[in-house]
**Q** 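Please find one structure pasted underneath; my questions will follow.
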Number of protein chains: 2
Amino acid sequence: MPLSKAHKQRSKEKILDSANRLFADRGFNKVSIDQLMQDAGMTRGAFYAHFKSKEDLYSQTMISAATKSKIMNCDETNMAFYKTVINEYLDMSHVKQNNIPCGLAFFVTDVANEQPEVRKVYTQLFKGLVQMLTDQQSENNKDKKNKKIMAIAAMMIGGVAVSRALIDDNAIEELLESCRSIAGELVGY
Amino acid sequence: MPLSKAHKQRSKEKILDSANRLFADRGFNKVSIDQLMQDAGMTRGAFYAHFKSKEDLYSQTMISAATKSKIMNCDETNMAFYKTVINEYLDMSHVKQNNIPCGLAFFVTDVANEQPEVRKVYTQLFKGLVQMLTDQQSENNKDKKNKKIMAIAAMMIGGVAVSRALIDDNAIEELLESCRSIAGELVGY
DNA sequence: GTCTATACCTCGATAGAC
DNA sequence: GTCTATCGAGGTATAGAC
């Protein structure tokens, strides 16, 4: 038996991973705590040893996903950075995936209908994405470029979110390709 | 007492209007049929005289909203059309409004988590928006412009959807202004 | 920390009176 | 068409044993 503190942390990670997958697949409101804990290999009562409420879980799940996401850990720079981020984000495999997807796109409406605490977290994560995109830009004409960055962020999130609502795979591919193409053009490659 | 057919139609319209407002405010899953019918001035039992299930209501609500929306009834042409649509859509009053907003933005995640029938309706409405934007473009270089149109649609929907999740009004204004500015640039005014 | 058991509530949907 | 009454299912959260 490991130290109880490490044990607890591992249990919590398992819950968060399950939450990410199930929330991405069904949305916040269609996953019960019972289903979540079964998926994580525990029972319902244990949930409250880690989270004070389901709403608390929403916040922590989004934070956990953001720190693990591929896009937040891209180690390229300049144009290669933009190219990689844009192409991997606006991709069918991201849309269809429910493992650790981008919560900004997958949970956008769910968050809008939640309490301020959850929306604060979303706001922080969105600002983090914008900051990350901003960091790679060159120095000249920053004001104009900041507008482009924000518009690209909206396009990326919107492109993925809409794709997930569409039922026609051809339409999804066309939408994603359009967003990739125009986003690349805006960023200048 | 009016003809029962007209009476029924008026009741249904009231239910659909309430549904639009409440769904926009709270999301599909946080509005019960009981609350909906109370808002519409009827009781729960009457619901099933108009809709075969709650899922059926989702579809009909989105269709009803689309036909009534300002954006779908814009009677301007060419650049004036784009200017009006982009500026009115990507506006704080649209984000904060919950009267008859654009379901493509307000319900995007809710729809993604619903059954195929609802997603089919969403897909049709999205294609309708794209078609409407396409109709106003000039003839030359259509292929490139189609990509722009789809990217703009994603940016508009994403911009509004993300804005609704953010809790910081300054950030929302900055995001909306960025999207308006870049969308206008893409469309060429 | 995790388990079982349970309190208490709200949901979607149906049945039958008017 | 709309009402009231009610069913069965499933929700969050808590209490207490281990």
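Labels below follow one simple rule: chain letters A, B, ... track the order of the sequence lines, proteins then strands, and each chain is numbered from 1.
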**Q** Could you tell me how far apart B:Asp34 (CG) and D:dA5 (P) are, to the nearest whole angstrom?
**A**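 Value for this atom pair: 13 Å.
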
**Q** If you assign each of A:Lys52 and A:Lys30 to its closest nucleotide in DNA chain D, which residue comes earlier from the 5' end?
**A**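 The 5'-side residue here is A:Lys30.
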
**Q** In whole Å, what is the span from the NZ atom of A:Lys12 to the P atom of C:dT2?
**A** 11 Å

**Q** Is there a donor-acceptor contact under 3.5 Å from the side chain of B:Asp25 to the main chain of B:Arg21?
**A** no

**Q** From D:dG1, D:dA13, C:dT2, pick the nucleotide closest to the side chain of A:Lys54?
**A** D:dA13

**Q** Picking from A:Arg180, A:Lys70, A:Lys83, what satisfies salt bridge (charged side-chain N to carboxylate O under 4.0 Å, His left out) with A:Glu88?
**A**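 When A:Arg180, A:Lys70, A:Lys83 are each tested with A:Glu88, the salt bridge (charged side-chain N to carboxylate O under 4.0 Å, His left out) holds only for A:Lys70.
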
**Q** Answer yes or no: is there a donor N or O on one side and an acceptor on the other, between the side chain of B:Tyr58 and the main chain of B:Val111, under 3.5 Å?
**A** no

**Q** With DNA chain C as reference, determine whether B:Ile33 or A:Gly45 sits nearer its 5' end, using the nearest nucleotide of each.
**A**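 Looking at DNA chain C, the more 5' nearest nucleotide goes with A:Gly45.
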
**Q** Can you check the A:Lys5 NZ to C:dG1 C1' distance for me, whole Å?
**A**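 It works out to 14 Å between those atoms.
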
**Q** Please check if the side chain of A:Ser178 supplies one atom and the backbone of A:Glu174 the other of a donor-acceptor pair under 3.5 Å.
**A** yes

**Q** Ignoring backbone atoms, test whether A:Ser53 places a side-chain nitrogen or oxygen under 4.0 Å from the OP1 or OP2 oxygen of D:dT12.
**A**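 No, outside the criterion.
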
**Q** With a 3.5 Å cut-off and just heavy-atom distances, do the side chain of A:Arg44 and the base of C:dT2 make a donor-acceptor pair?
**A** no

**Q** So, is B:Ser32 near the phosphate of C:dC11, with a side-chain N or O under 4.0 Å from OP1 or OP2?
**A** yes

**Q** B:Tyr48 near the nucleic acid: base, sugar-phosphate alone, or nothing, with a heavy-atom cut-off under 4.0 Å?
**A** base

**Q** A:Glu114 CD to D:dT12 C1': how many Å, rounded?
**A** 14 Å

**Q** Could you tell me how far apart A:Gln9 (CD) and C:dG1 (P) are, to the nearest whole angstrom?
**A**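 It works out to 11 Å between those atoms.
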
**Q** Tell me whether A:Arg164 contacts the main-chain N or O of A:Ala24 through its side chain, where contact means a donor paired with an acceptor under 3.5 Å.
**A**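 Present.
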
**Q** Rounded to whole Å, how long is the line connecting atom NE2 of B:His7 with atom C1' of D:dG1?
**A** 7 Å

**Q** From CZ of B:Phe47 over to P of D:dA5, roughly how many Å is that when rounded to an integer?
**A** 21 Å

**Q** Looking at B:Thr43, I'd like to know whether one of its side-chain N or O atoms comes within less than 4.0 Å of OP1 or OP2 on D:dT2.
**A** no

**Q** In whole Å, I'd like the distance from the CE atom of B:Met42 to the C1' atom of D:dT4.
**A**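 Going from B:Met42 (CE) to D:dT4 (C1'), I get 16 Å.
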
